[in-house]
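Sequence lines set the chain letters: A, B, ... in the order given, protein chains first and strands last, and positions in each chain run from 1. Note: hydrogens, waters and symmetry copies are ignored here, and every other heavy atom, side chains too, is used.
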Amino acid sequence: EYDIYKHDEL
Amino acid sequence: MNIFRLTGDLSHLAAIIILLLKIWKTRSCAGISGKSQVLFALVFTTRYLDLLTSFISLYNTTMKIIYIGCAYATVYLIYMKFKATYDGNHDTFRVEFLVVPVGGLAFLVNHDFSPLEILWTFSIYLESVAILPQLFMISKTGEAETITTHYLFFLGLYRALYLINWIWRFYFEGFFDMIAIVAGVVQTILYCDFFYLYVTKGESGSNKINPA
């Protein structure tokens with residue numbers, strides 16, 4: 001699940 | 001990427017650079033809360049561990065490295081190089097009252113119970129309260145240097161711009177991250193009192209703000 005949920009913000 | 005997030009990141013970068021240059025040029029960290037800067041270094045360290053695991057973009061990676069570098073440089077200047085000018089008597093906020101509840105909350109409320117995600121959540125929650133020691137110190141000394149108020153203004157503005165970025169992304173991309181949004185709202189609210197002083201005192205041109 002974590003991989004799907006990428007944090008693309010700083 | 002949208003204009004609000006880009007402006008927000010640049011505002012954040014400006015705040016970090018303003019503070020670092022202020023301490024470096026004046027060779028003094030008077031009026032600066034070392035505790036808040038340690039918390040920010042902790043925020044960046046726990047949030048940007050994904051530098052080691054995933055690549056998002058050159059911009060993302062570059063900014064993360066700059067943030068971490070500046071944060072640790074600032075902590076170094078405060079606690080080592082210009083230690084003599086550190087005002088420990090006024091920097092007395094009990095940060096354990098922030099770190100422990102935030103740590104517990106990160107375990108209870110998160111998107112995924114994996115180490116990286118727990119640390120990311122911890123960093124989001126911690127960032128929303130990391131400025132409290134600084135605001136507390138200013139309320140204790142009863143004043144803040146002009147440059148420090150600019151630092152706080154850009155730091156507060158960055159997360160306010162992120163709130164607009166999240167509205168934008170929800171509307172155009174259907175993306176929203178409740179954890180980041182709630183923490184971002186709390187973080188921005190903590191600056192409201194300061195924003196009011198910054199705008200009202202700024203107009204009167206007085207070189208110091210005196211939070212009530």
Pair A:Glu9 + B:Arg169, salt bridge at N-O below 4.0 Å: yes
Just checking B:Tyr59: does its OH atom have more than 12 heavy atoms from other residues, nucleotides or ligands closer to it than 6.0 angstrom? yes
Identify which part of B:Phe44 has an atom lying under 4.5 Å from any heavy atom of chain A, answering side chain, backbone, both or neither. neither
In terms of heavy-atom proximity below 4.5 Å to chain A, should B:Tyr67 be classed as side chain, backbone, both, or neither? side chain
Just wondering, are more than 12 heavy atoms of other shown residues or ligands nearer than 6.0 Å to OH in B:Tyr171? no
Which pair of heavy atoms, one from A:Leu10 and one from B:Asn60, lies closest together, and at what distance? CD2-O, 3.7 Å
Please state whether the rings of A:His7 and B:His111 are parallel, tilted or perpendicular, taking 30° and 60° as the class boundaries. tilted
